[in-house]
Amino acid sequence: MVYMAINAVAGSIREFSPKDIDQVYRVAQESLTEFYTQSLIMDLHREWPESFMVYTITNTVVGFIVGSKYSRTEARILLFAVDERFRKMGVGSALMDRFLQLCREENMLSVRLEVRTDNDEAIRFYKKYGFVITALLPGYYSDSSNAYTMWRIV
Ligand code: ACO
């Protein structure tokens, strides 16, 4: 299914397809501090396939989001990134809006995620979306840096 995003650069959101893996991998590698292999990203896809969405502009993936069902009523955002060249244009907001819409459709009550404590840009973005910091997770990442858990009601 194709979802048109409003208020963003001209592009569209659709579900991830395995043929997107190279492009998603590129965005993940360039944007995320943690290293994810292609096979790990494909494993995440299996967790909740409908939640894995890509934002494309002329068939090029410029951003993606993927989640899982943490419990029957709580969703979790696992990976979320936008190509640096396309940030601050509304792509991330379009993906987040669509993800939250899916959560409502699937009767989720809340969403949680983990983010590096020094990732000011993402934390500001999430706070703007109503997420609040609920926990500090010391040494959460592979380089031992800390994470915050952030949470919001759907
Ligand atoms: N003109 C000017 N500013 C704009 C426009 C526009 N047309 N559209 C949106 N903006 C502003 C928004 O208001 C927002 O402002 P803020 O920074 O004060 O919050 C900012 O631009 C970002 O909003 P978007 O454009 O919707 O989001 P973006 O596409 O930049 O994506 C994201 C946000 C995903 C966090 C991005 O910064 C990113 O990829 N960061 C690196 C990877 C990362 O840290 N990911 C999260 C890790 S945590 C996890 O994965 C669970």
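Both counts, for ligands and for their atoms, begin at 1 and track the order of listing.
- Ligand 1 has no nitrogen or oxygen under 3.5 angstrom from a nitrogen or oxygen of Leu79.
- Look at Glu121 and Lys88 and you find a salt bridge, because one of the NZ, NE, NH1 or NH2 atoms lies within 4.0 Å of a carboxylate O, short of that distance.
- Atoms of ligand 1 lying under 4.0 Å from any heavy atom of Met89, numbered from 1 in the order shown and given with element: 8 (N), 25 (O).
- Ion pairing of Glu105 with Arg98 is present here, as a side-chain N (NZ or NE/NH1/NH2) and a carboxylate O approach within less than 4.0 Å.
- Which parts of ligand 1 touch Ser31 is read off a 4.0 Å heavy-atom cut-off, strictly below it: atoms 41 (C), 42 (C).
- Counting atoms of ligand 1 from 1 in the listed order, those under 4.0 Å from a heavy atom of Ile77 are 51 (C).
- Looking at Asp118 and Arg116, no side-chain N of the basic residue comes within less than 4.0 Å of a carboxylate O on the acidic one, giving no salt bridge.
- We find that Glu106 and Lys69 are joined by a salt bridge, their nearest charged nitrogen and carboxylate oxygen being less than 4.0 Å apart.
- Cation-pi geometry between Arg152 and Tyr129 is not met: the NZ or CZ atom fails to fall both under 6.0 Å from the ring centre and inside 45° of the normal.
- Interface atoms of ligand 1 facing Glu114, defined by a heavy-atom separation under 4.0 Å, are 48 (S), 49 (C), 51 (C).
- Interface atoms of ligand 1 facing Arg124, defined by a heavy-atom separation under 4.0 Å, are 16 (P), 17 (O), 18 (O), 19 (O).
- Inclusion of Val115 in the set of residues having an N or O under 3.5 Å from an N or O of ligand 1 is not warranted.
- Taking the six-membered ring for Trp and thresholds of 30 and 60 degrees, Phe52 and Phe16 have nearly parallel ring planes, at less than 30 degrees apart.
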